[in-house]
Amino acid sequence: MEVRVLGALTLDDGRIPLAPRDRAVLGALTVRLGASLSVDSLAAAVWGDDPPASRSHVIRGCIMRLRRLIAPDRIETTPLGYRLIPDHIDVDAERFERLIARGSQQLELGEPDRAAHTFSEALALWRGEPYVELMDWGPARIASGRLAELRLDVEELLLDARLQAGDVQEVTASARARVAEAPLRERRWVVLSVAQYRQGRQADALATVRRARVLLAAELGLEPCTELAELEQAILRQDPALMSDRVFRAASPECPYFGLPPAGVADAERYFGREQELIGAVRVLEERGVLLVAGPSGVGKSSFVRAGIGAEFLARGVDVAIVTPGEHPIDVLRDVDLPVGESLLIVDQCEQAFTADDPAEIREFFDALSQMVYCGMLVVAIRADRLGDLADHQGFARIIQSHLLLLTALGPDGLRTVIERPADQAGLILEPGLVEILIRDADGRTLPLLSHALRQVWFRREGRVLTVEAYRASGEIDGAVAKTAEEVFATLSEEGVRLLRDILLRLVEASADGAVGSRRVERTSIAIDDAHAQIVDRLVDARLITTDEESVQVSHEALAREWPRLRQWLADDVEGQRIMRHLGSSAAAWDAMGRPDSELYRGGRLSTAQHWRDAVDPALTAVERGFLDAAAAHETAALAAAQGQLRKERRMVRRLSWVSAGAVVLAIVAVAAGIFAGLQANLAATTPRHGASRRARSRSPRQVSSRTRAVDTGLIHRFG
């Protein structure tokens with residue numbers, strides 16, 4: 001079934017008649033082809049902001065009539081509403097975009113005649129304004145504006161192709177007409193001027209450039225673009241490049257390649273190579289609202305979710321927030337401020353969440369992500385080797401398990417697009433053979449390394465030409481990162497090298513299985529002083545690390561893998577890195593809690609940290625130094641208090657020892673006295689005396705016993 005939207009909407013080239021409302025409903029379903037649209041969205045497309053109360057019944061009637069006109073299974077009822085299934089449906093707008101891609105490729109391959117034919121075929125699809133029945137509906141206006149802009153681009157590409165094919169006379173006439181249609185599009189003035197120059201009309205070519213400059217200044221108050229300014233100089237010096245097979249295009253002063261850092265939402269126009277995956281990802285988000293993007297390190301996940309998915313929804317007017325977990329992932333989520341509904345949260349490098357010291361914080365982070373699914377759309381990007389860790393968070397795992405997009409390595413065609421399209425966009429020329437060498441050396445899983453190598457080639461370019469010799473000099477794909485890092489290293493003093501080592505060892509870590517991961521660290525923990533800040537600036541200039549106002553991280557984990565010196569630093573001090581990371585997190589927690597003594601290091605942990613500090617002399621932050629000093633002072637005070645208590649207890653023990661010894665002596669005396677009294681009594685009993693004497697002697701033992709008890713009682717009162 002053919003649906004034509006580049007003009008008034010028709011079905012099967014007008015052979016199937018449609019009522020106005022049915023046409024509007026079908027058009028809305030085509031704008032969001034493959035995505036579910038609610039009844040309210042369809043009503044907004046038909047009636048705008050003032051739909052009738054009977055809209056639900058009317059929309060259902062439209063769907064029923066459309067199902068009778070086309071195959072019933074082409075329009076699917078979903079929990080959200082209705083969707084037009086894209087299988088076996090040919091939309092002229094999609095065919096238009098496919099023809100643009102094919103023609104651009106033909107132009108790049110040096111086939112301008114075939115490219116001109118393809119571009120002409122694409123323009124022939126247009127019959128009028130796209131989605132003309134739905135101009136009051138926001139999504140249709142956006143789609144129409146995008147297609148109209150593409151049409152203007154194709155008109156200029158057609159002029160380029162014909163000029164490269166040698167149709168100078170025809171291009172001159174066509175370019176003049178195109179300039180009249182859109183005089184503020186500078187590329188049209190460039191093609192017209194070059195065509196005139198190739199006709200031998202150098203004065204006319206120069207006059208054309210100057211008319212363009214005057215027009216732009218009068219209409220927009222702007223100076224001409226770099227291309228026009230350089231074309232004027234090229235005409236004045238009769239540059240041989242103006243007569244080359246390629247249409248003159250001034251080189252952009254900015255490098256079109258990203259290097260190690262990922263592409264951002266502002267880089268969408270320079271992001272190529274994942275067009276099909278992007279279409280699928282957008283469709284899943286529109287239908288399900290959640291997507292997990294996984295893949296091996298270096299496959300381009302961050303660029304895909306930022307410059308691909310994020311930029312696409314931002315262009316649609318959706319609020320987009322992009323975060324990375326960092327050291328305290330739950331704090332990152334708390335700072336997100338997105339409206340409920342039409343919003344998109346992108347969590348990039350989600351594997352960083354598993355490096356948090358507190359397992360409870362990790363659980364809280366994924367629980368919070370599970371709740372955010374119900375507030376808006378959610379995209380999570382994670383390294384494929386950490387997918388298994390998500391199984392420990394069952395609630396989140398259940399939500400995303402059926403919404404996984406696995407990014408695989410780019411093939412040769414994708415790599416060619418990544419290399420050639422940015423160069424063409426920037427007006428650069430790739431030396432013959434360079435693209436084939438790059439495709440041979442790249443494996444599709446090291447896109448940041450490829451981009452970094454191309455960036456180094458751009459710095460060594462010869463005019464507008466990226467050369468094979470510059471690629472060799474950059475260290476090639478396998479050595480470009482290490483070469484750049486070594487160039488920075490070579491400029492540092494001995495103290496600067498020590499600072500560089502401190503900074504990088506805070507930003508990367510090696511796991512037990514030898515894998516290297518990056519860490520997002522607060523800037524205050526890295527730029528400790530001016531000396532550290534200067535090293536950070538050098539690394540940023542070399543695009544080896546990225547930074548913002550709050551945090552710092554390496555541009556890509558490939559830095560640790562590809563730079564032998566950093567790998568050696570990691571291997572030399574594994575235990576020291578563990579101590580450093582634990583010290584940093586403990587000190588930050590201690591400071592955040594108001595510096596309580598209960599959070600300080602003690603005993604063996606304090607001794608280990610002090611020994612490491614004395615042996616390595618690392619650069620510590622003020623909080624970390626304060627934490628260790630407070631812990632040492634607290635330990636010293638605790639030791640002094642313990643020693644004082646020990647002395648006090650020893651005095652008490654000595655006192656009790658003397659008391660015990662006195663009691664023993666008294667007991668011995670008492671026993672001896674008792675024995676003596678008993679002997680005296682026995683002696684008296686065996687010696688006859690007169691009665692009084694016997695009574696006197698019979699009372700003597702009791703008197704003696706009474707005296708003894710009195711003495712004992714007195715001693716006890718005195719010492720006891």
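Atom CG in L566 sits 10.5 Å away from atom CD in E486 (nearest 0.5 Å). In this structure, CZ on R363 lies 8.5 Å from CG on D367, to the nearest 0.5 angstrom. Put simply, CG on L405 and CD1 on I309 are 7.0 Å apart, with the number rounded to the nearest 0.5 Å. Atom CG of residue D319 and atom OG of residue S343 lie 7.0 Å apart, to the nearest 0.5 angstrom. Separation of atoms CG (D392) and CD1 (I362) is listed at 9.5 Å; rounding is to 0.5 Å. Atom CG of L447 sits about 11.5 Å away from atom OG of S302, to the nearest 0.5 Å.
I346 places a side-chain heavy atom less than 4.5 Å from the side chain of V320. The side-chain heavy atoms of L378 and L291, taken from C-beta on, include no pair separated by under 4.5 Å. Using a 4.5 Å heavy-atom threshold, the side chains of L345 and V336 count as touching. Looking only at side-chain heavy atoms (C-beta outward), E361 and P329 come within less than 4.5 Å of each other. Two residues are said to be in side-chain contact when any heavy atoms from C-beta on lie closer than 4.5 Å; V347 and L369 meet this criterion. At least one side-chain heavy atom of L292 sits under 4.5 Å from a side-chain heavy atom of L387. Using a 4.5 Å heavy-atom threshold, the side chains of L492 and L500 count as touching. Within the 4.5 Å cutoff, the side chain of F313 has heavy atoms near those of the V282 side chain.
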**OP:** Kindly determine whether H393 and F365 satisfy side chain to side chain contact (heavy atoms under 4.5 Å, CB included), including the steps that lead there.
**Re:** CA-CA 10 Å; H393 307 278; F365 171 76; over 6 Å; no
Subject >> Full working for side chain to side chain contact (heavy atoms under 4.5 Å, CB included) between V481 and L449 >> reply: CA-CA 7 Å; V481 172; L449 297 182; 3.4 Å; yes
Subject >> Verdict with reasoning, L390 to I382, per side chain to side chain contact (heavy atoms under 4.5 Å, CB included) >> reply: CA-CA 10 Å; L390 295 178; I382 189 171; 4.2 Å; yes
Original post:
Would T484 and W563 count as a side chain to side chain contact (heavy atoms under 4.5 Å, CB included) if you check the C-alpha gap in whole Å, the side-chain angles of each, and the deciding distance to 0.1 Å?
Top reply: CA-CA 9 Å; T484 302; W563 190 19; over 6 Å; no
**OP:** Report the C-alpha separation of E495 and R498 in whole Å, then their side-chain angles, then the decisive distance to 0.1 Å, and conclude whether the salt bridge (charged side-chain N to carboxylate O under 4.0 Å, His left out) test is met.
**Re:** CA-CA 5 Å; E495 176 64 15; R498 187 181 73 84; 2.8 Å; yes
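Surrounding CD of E342 are at most 12 heavy atoms belonging to other residues, nucleotides or ligands under 6.0 Å away. The environment of R288 atom CZ is sparse: at most 12 non-hydrogen atoms of other residues, nucleotides or ligands sit within 6.0 angstrom. The environment of D629 atom CG is dense: over 12 non-hydrogen atoms of other residues, nucleotides or ligands sit within 6.0 angstrom. Within a 6.0 Å radius of CD in Q394, other residues, nucleotides and ligands contribute 12 heavy atoms or fewer.
Not counting sequence neighbours, the partners of F627 by the ring pair (Phe, Tyr, Trp, His ring centres under 6.0 Å) test are W590, Y601.
Put simply, the side chain of K301 gets close to the backbone of P296: a donor and an acceptor are under 3.5 Å apart. Between the side chain of D335 and the main chain of V332, no donor-acceptor pair closer than 3.5 Å is present.
For the residue pair T324/D348, the side-chain donor-acceptor check at 3.5 Å is not satisfied. For the 3.5 Å distance criterion, the side chains of R538 and T491 qualify, holding a donor opposite an acceptor.
Between P448 and L260, the shortest heavy-atom distance links the atoms O-CD2, 3.7 Å. Nearest heavy-atom pair, G259 versus S451, reported as atom, atom and distance to 0.1 Å: N-OG, 2.8 Å. In terms of heavy-atom proximity, S474 sits nearest to Q456 at CB-CB, 3.6 Å. Considering every non-hydrogen atom in both A263 and S303, the closest pair reads N-OG, 2.9 Å. In plain terms, the two heavy atoms of A531 and L499 that are nearest each other are CB-CD1, 3.5 Å. The two residues R386 and E351 make their nearest non-hydrogen contact at CG-CB, 3.7 Å.
Seen from the ring of F258, R455 does not count as a face-on cation partner, given the 6.0 Å and 45° thresholds.
The residues R274 and E277 are annotated as salt-bridged, a charged nitrogen and a carboxylate oxygen being separated by less than 4.0 angstrom.
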